[in-house]
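Structure, as structure tokens:
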Amino acid sequence: MKAVRRSALARPSTEVAPELLNKMLVSGPVAGRIVEVEAYRGSEDAASHAYRGPTARNGVMFGPAGHLYVYFTYGMHFCANIVTMTEGVAEAVLLRALAPVQGIDLMRVRRPAAHRDRDLCNGPAKLCQSLAIHRDLNGVDLLARSSTVRLLDDGTDPPTSPVASRRIGINVATGLLWRFSVPDDPNVSGPRSLLTGTPR
DNA sequence: CTTTGGATCGTCT
DNA sequence: GACGATCCAAAGG
């Protein structure tokens, strides 16, 4: 497993996002391969948490690349982002789905509602449950060897032609094709119909 | 397969 | 005081 260079992440999230596909996300004994992401940008993206400037919640997005931005939503769920760009510029890539690779038994214990393996990490809050990512991990450096959650490269290249589609779960700035996924991967979240074409 | 409504509370207006 | 970068079970095709 190679390390991911911070310089590779210190670029616009729309460029970094598709390159994160097929990278490994490791959390202690549990690991998965990234198969679906969404890019969010600060000032120019009305759907971004950072659109209206820094707050107590989104502070990590304004920090250096390679750190984990964890937020709490809907009164019960956590979602995780990888911060991109340089310090002071708030951009991030939301992790939407993983292919379970390691520690699947533990994932199943953490997510009793998952009936099939593909239900373990096929959503932003689901993967946080399976990997035990919660509030306390907000701000963790994914590139530090000492971190419990890490981003690694096992040598698998990103897909040559990633699927680009509309972002899910937002009510503004729809229409941008800033959701990227691995073609035909069964762990990608949401209905298949949202991947084909650009309906609405 | 798709659609619908309820759960539940931190965050920002 | 309103609303989520969501999930799940249930119900309908």
Side-chain angles (χ1 to χ4, degrees), chain A residues 12-14 16-18 20-21 25 32 34-63 67-85 89-98 100 107-139 142 163-181 184-200:
Chain A
S13 59
T14 45
V16 175
L20 287 174
L21 295 174
L25 190 67
I34 298 171
V35 297
E36 181 191 354
V37 297
E38 282 177 0
Y40 284 88
R41 309 191 70 167
S43 50
E44 57 186 275
D45 178 9
S48 169
H49 287 172
Y51 183 55
R52 298 181 187 277
T55 67
R57 173 170 73 158
N58 66 23
V60 173
M61 278 186 76
F62 289 82
H67 288 249
L68 192 67
Y69 166 47
V70 180
Y71 68 89
F72 181 71
T73 191
Y74 289 103
M76 63 189 96
H77 295 303
F78 292 102
C79 297
N81 295 251
I82 295 175
V83 174
T84 71
M85 277 301 283
V89 181
E91 301 205 9
V93 175
L94 173 68
L95 301 171
R96 284 204 59 94
L98 310 176
M107 289 186 186
R108 296 198 77 100
V109 171
R110 290 168 172 170
R111 278 188 48 68
H115 290 95
R116 307 162 296 185
D117 281 358
R118 66 161 62 111
D119 298 318
L120 289 169
C121 300
N122 64 342
K126 296 179 187 180
L127 70 89
C128 284
Q129 270 181 247
S130 283
L131 300 210
I133 292 173
H134 55 94
R135 188 185 306 291
D136 292 349
L137 293 172
N138 186 37
L142 294 168
V163 176
S165 54
R166 292 166 183 255
R167 295 180 292 180
I168 291 182
I170 57 175
N171 299 299
V172 293
T174 55
L176 299 170
L177 303 182
W178 285 1
R179 176 188 180 212
F180 303 94
S181 55
D184 298 319
D185 190 289
N187 300 282
V188 172
S189 72
R192 294 284 288 256
S193 56
L194 293 184
L195 291 170
T196 161
T198 57
R200 194 72 215 280

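Note on naming: letters A, B, ... go to the chains in the order of the sequence lines (proteins, then strands), and numbering restarts at 1 for each one. Computed from a predicted model, the values in this text were never measured in an experiment.
- With A:Ser13 contributing its side chain and A:Tyr40 its backbone, the two residues share a donor-acceptor pair below 3.5 Å.
- At the heavy-atom level, A:Arg179 lies nowhere under 4.0 Å from the strands shown.
- No contact: A:Arg192 has no heavy atom under 4.0 Å from any strand.
- Between the CG atom of A:Asn58 and the C1' atom of B:dG10 there is a distance of 14 Å, rounded to whole Å.
- Using a 4.0 Å heavy-atom cutoff across all strands shown, A:Ala47 reaches at least one base atom of the nucleic acid.
- Aromatic ring pairs are classed by plane angle as parallel below 30°, tilted from 30° to 60° and perpendicular above 60°; the pair A:Phe72 and A:Phe78 is tilted.
- The distance from atom CE of A:Met61 to atom P of B:dT11 is 16 Å, rounded to the nearest whole Å.
- Put simply, the side chain of A:Val93 does not reach to within 4.5 Å of the side chain of A:Phe180, judged on heavy atoms.
- In this entry the distance linking OH of A:Tyr71 with P of B:dT11 reads 13 Å, nearest Å.
- Using a 4.5 Å cut-off on side-chain heavy atoms (C-beta onward), A:Asn187 and A:Leu98 make no contact.
- Listed for the A:Asp45 side chain is a donor-acceptor partner under 3.5 Å among the backbone atoms of A:Ala47.
- With rounding to whole Å, A:His77 atom NE2 is found 13 Å from B:dA7 atom P.
- The backbone N or O of A:Glu91 sits nowhere less than 3.5 Å from a side-chain atom of A:Arg41 that would complete a donor-acceptor pair.
- Of the two residues contacting DNA chain B, namely A:Tyr74 and A:Arg135, the nearest-nucleotide position lying further toward the 5' end is that of A:Tyr74.
- No side-chain heavy atom of A:Leu194 sits under 4.5 Å from any side-chain heavy atom of A:Arg167.
- No option in A:Asp119, A:Leu127, A:Leu131, A:Leu120 other than A:Leu120 meets the side chain to side chain contact (heavy atoms under 4.5 Å, CB included) test with A:Pro100.
- Protein chain A contacts DNA chain C over a range whose 5' and 3' limits, counting nucleotides with an atom under 4.0 angstrom from a non-hydrogen atom, are C:dG4 to C:dC8.
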Quiz item: Using Watson-Crick and G-U wobble pairs with both distances under 3.5 Å, what is the 5'-to-3' dot-bracket string of DNA chain B, with [ ] for crossing pairs and | for pairs outside the strand?
Solution: |||||||.||||.
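- Among the protein residues, A:Phe72 comes within range of the sugar-phosphate backbone only, with heavy atoms under 4.0 Å from sugar or phosphate atoms but none that close to a base.
- Between the side chain of A:Glu38 and the backbone N or O of A:Ile168, at least one donor-acceptor pair lies under 3.5 Å.
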